[in-house]
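Below, chain A is the first sequence line, B the second, and so on; all start at residue 1.
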Protein chains: 2
Amino acid sequence: MTSRPTIRDVAAHAGVSKSLVSLALRGDPGVRERTRERILLAAEAIGYRSNVLARSLREGRTMLIGVVISSLENPYHTEIVTSVEEAAESAGLSVLLAHGSRDRGKLTGRVESLLDLGLDGLVVVSSWVEPQVLRRAARRAPVVMVGRSERPVPGVDAVNNDDEHGAALAVQHLHATGHTRIAHVGSSYRPAGLARRHGYAAAMRRAGLGAYVRVLDAFVADEGLGTLLARALEDGYDAYFARNDVEALDLIDAADHVAARVPDDLAVVGYDDSALARRSRPRLTSVQQRRELLGRRAVDLLLSRIDGRAEDQHLIMEPRLIVRDSTRPRTDPD
Amino acid sequence: MTSRPTIRDVAAHAGVSKSLVSLALRGDPGVRERTRERILLAAEAIGYRSNVLARSLREGRTMLIGVVISSLENPYHTEIVTSVEEAAESAGLSVLLAHGSRDRGKLTGRVESLLDLGLDGLVVVSSWVEPQVLRRAARRAPVVMVGRSERPVPGVDAVNNDDEHGAALAVQHLHATGHTRIAHVGSSYRPAGLARRHGYAAAMRRAGLGAYVRVLDAFVADEGLGTLLARALEDGYDAYFARNDVEALDLIDAADHVAARVPDDLAVVGYDDSALARRSRPRLTSVQQRRELLGRRAVDLLLSRIDGRAEDQHLIMEPRLIVRDSTRPRTDPD
DNA sequence: CTGAAAGCGCTTACAG
DNA sequence: CTGAAAGCGCTTACAG
């Protein structure tokens, strides 16, 4: 709280010049070991900490990257944040986190203010950031999009989960465990939701189940999920692939209300393999995105861009299926 | 990405001096309106953005505060973060968020690196930050602790939830809905957990139920919660107050395994009123901490400390009980 | 109302 | 190996 000691104070305390202190602190080989030690001790003694602002101003880079997420309430996103942080840390970068509390305008504001800080790069883990905001941002610093944006933005790198394939994994699993009437639960028209829906329909057709394609979309139907489910059950649909874990749990809840049991009466597959999936009853079979990889790759892209790469790069990561209790075990042919 | 325009570029473009640009940008009344407009237009035209680093270096304050949380996975904490942000924003401060992913050493590191950035203040929403780290931090910038730290730290302000009272609310509610054998579920020896346990025991005694005080502590007992619950049910315990929502849901899960129904066979009260409480089955009765207030007060404390307040301040906020389906409705005397 | 100057704390050539 | 100097981009007195 009392005014912070500077390099000049260290110099005075160690009886050397200002610049020598700087050299010693950053381990320049041209400083005699004994001198260096004396300086380090002096710094320690007066509680000196390098002023990051001043250094950044001088160096022209901050060693800071920003991460933007829509909301802290989405565990899938926060896990990606953690993996970005780990990768950043091992590259010597610190991470500043900003979120928009599900508010698009606020999100834009947070992006701008992060950039005003003079970040070295930005990782966006939110499909809600508008393309033109991304575009503008990319003119100020390298930007990597994790997940889909509303549309591809030139100048912005991306690392994506293969949502079509994730949906296919779910459909294949349900099919292999004896189901044919497999419905999709999803009321989102965001990029990821759409990709999963398309992936579902395509996988159904590939499995020869095109005739059974059915989407429970509470938004379009303007009916409760419970009503939609009851009707689907009547029609013999005993398997459901939900757009994410939350919708999967909502479905299980609805099933409970009509006394249908999971997985005996209906099988359910979620998406995201979130903490919810692991702790729900029954534990949820779910498509898992490789979060730790997504984060690491995002930082890689940032670093190579900072190093001067000019062309855009888009990475696609393959998800995998985690089987738990909300679907039947695989039926061995006998 | 091309080198950022500076105040000097704006000056050249508008045909005025560097300092005039600065004055105009910050709305100094001594600049003629027409001139100011011309300068603003010039800034706009060349895409000028003030360099926050340079300004902070000059001004000696960053208008940035840091918020530290243990982990992004705790929704109770992230909601406080959001409320801190809102309060900070209306005071013209930006928030930098750091978390420790449940790792104590990492948490310390994050605190240090935030402070190295020259923050104007720090809000700590984690009981895991060590007292000596808090102490050291408080010498560098104002620090406010939200929630309990392991012990009070001189120089650090605090805003707390009244956990003893929260526990009492739970006990009173269970008692008022016809229960007398009320057990506590909690295996945490962190500050908040201890306070809730003490509050529970005290409230039981005040209600004349001291003889029924019983704690299901899977950690000390070194037995599964299921076993502890089964035994308690045998002993007639039909009401449970859990240290937090997660433990409450674990209990409901355990009850399910022994085919005991909530709230018919046993009533359950959680703590935190997290998103989990709202979406579980049955919806959980839970003690709610006033998150939005906690955040606002924390920022108030920071601001008054920045303004020079010297003495420490500790605020205590009262929680309230949110009644849902995991406890019986209040029994009207008839 | 306007311009030249100093300085925030740091790092990096550049002479010694 | 060491010291004096310039400059990162900004703001604020201080003269005009």
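Side-chain contact of Ser127(B) with Arg190(B): a donor-acceptor pair under 3.5 Å is present, judged by distance alone.
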Q) What dot-bracket string describes DNA chain D from 5' to 3', counting Watson-Crick and G-U wobble pairs whose defining distances are under 3.5 Å, with [ ] for crossing pairs and | for pairs to another strand? A) |||.||||||||.|||
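Rounded to whole angstrom, the span from the CZ atom of Arg49(B) across to the P atom of dC10(D) amounts to 12 Å. If you measure from atom CG of Asp28(B) to atom C1' of dC1(C), you get 10 Å, rounded to the nearest angstrom. For Arg61(A) and dG9(D), the CZ to P distance is 16 Å, given to the nearest whole Å. Going from atom CG of Leu117(B) over to atom C1' of dC8(C) covers 16 Å, rounded to whole Å. In this structure, Leu57(A) atom CG and dG7(C) atom P are separated by 17 Å, rounded to whole Å. Atom CE of Met63(B) is separated from atom P of dC10(D) by 17 Å (rounded to the nearest Å). Between the CG atom of Asn51(B) and the P atom of dG9(C) there is a distance of 16 Å, rounded to whole Å.
Contacts of Ser56(A) classified as side-chain contact (heavy atoms from CB on, under 4.5 Å), with partners at least two apart in sequence or in another chain: Val52(A), Thr62(A), Leu53(B). Scored by the side-chain contact (heavy atoms from CB on, under 4.5 Å) test, Glu311(B) finds Arg309(B), Gln313(B) as partners (sequence neighbours excluded). Every residue was checked against the side chain to side chain donor-acceptor pair (under 3.5 Å) condition with Arg58(A), not counting sequence neighbours, and none meets it. For Glu292(A), the side-chain contact (heavy atoms from CB on, under 4.5 Å) partners are Ser83(A), Arg290(A), Arg296(A), not counting sequence neighbours. A search for side-chain contact (heavy atoms from CB on, under 4.5 Å) contacts involving Leu303(B) returns Ala91(B), Leu93(B), Val299(B), not counting sequence neighbours.
Every pair passing salt bridge (charged side-chain N to carboxylate O under 4.0 Å, His left out) that includes a residue from residues 12-33 of chain A is listed here, sequence neighbours excluded: Glu33(A)-Arg36(A). Applying the salt bridge (charged side-chain N to carboxylate O under 4.0 Å, His left out) test to residues at least two apart or on different chains, the pairs with a partner in residues 85-99 of chain B are Lys106(A)-Glu86(B).
Looking at heavy-atom distances under 4.0 Å, Leu20(A) makes contact with sugar-phosphate atoms alone, never a base. Backbone-only engagement by Thr6(A) is indicated by non-hydrogen atom pairs under 4.0 Å involving sugar-phosphate atoms exclusively. Residue contacts shown for Ser56(A) are absent, as no nucleic acid heavy atom lies under 4.0 Å away.
With DNA chain D read from its 5' end, the first of the two nearest nucleotides for Val16(A) and Leu25(B) is the one closest to Val16(A). Residues Val52(A) and Gly15(B) each lie close to DNA chain C; by heavy-atom proximity, the contact nearer the 5' end of the strand is made by Gly15(B).
Salt bridge annotation for Glu130(A)-Arg135(A): absent, with no cationic side-chain nitrogen under 4.0 angstrom from a carboxylate oxygen. With respect to the salt-bridge test (charged N to carboxylate O, under 4.0 angstrom), the residues Asp9(B) and Arg4(B) do not qualify.
For Arg32(A), taking side-chain heavy atoms from C-beta onward, the closest of the listed nucleotides dT2(D), dC10(D), dC8(C) is dT2(D). The side chain of Arg55(B) approaches dC10(D) more closely than any other nucleotide in the set dC10(D), dG3(C), dG9(C).
Arg8(B) has no side-chain polar atom (N or O) that falls below the 4.0 Å cut-off from OP1 or OP2 of dC10(D). In this model, the phosphate group of dC1(C) is not approached by any side-chain N or O of Arg34(B) to a distance below 4.0 Å at OP1 or OP2.
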Could I get a table of every N or O pair under 3.5 Å where one atom is in the protein and the other is in nucleotides 12-14 of chain C?
unit_1, atom_1, unit_2, atom_2, d
dT12(C), OP1, Glu59(A), OE2, 3.1
dT12(C), O4', Arg58(A), NH2, 3.2

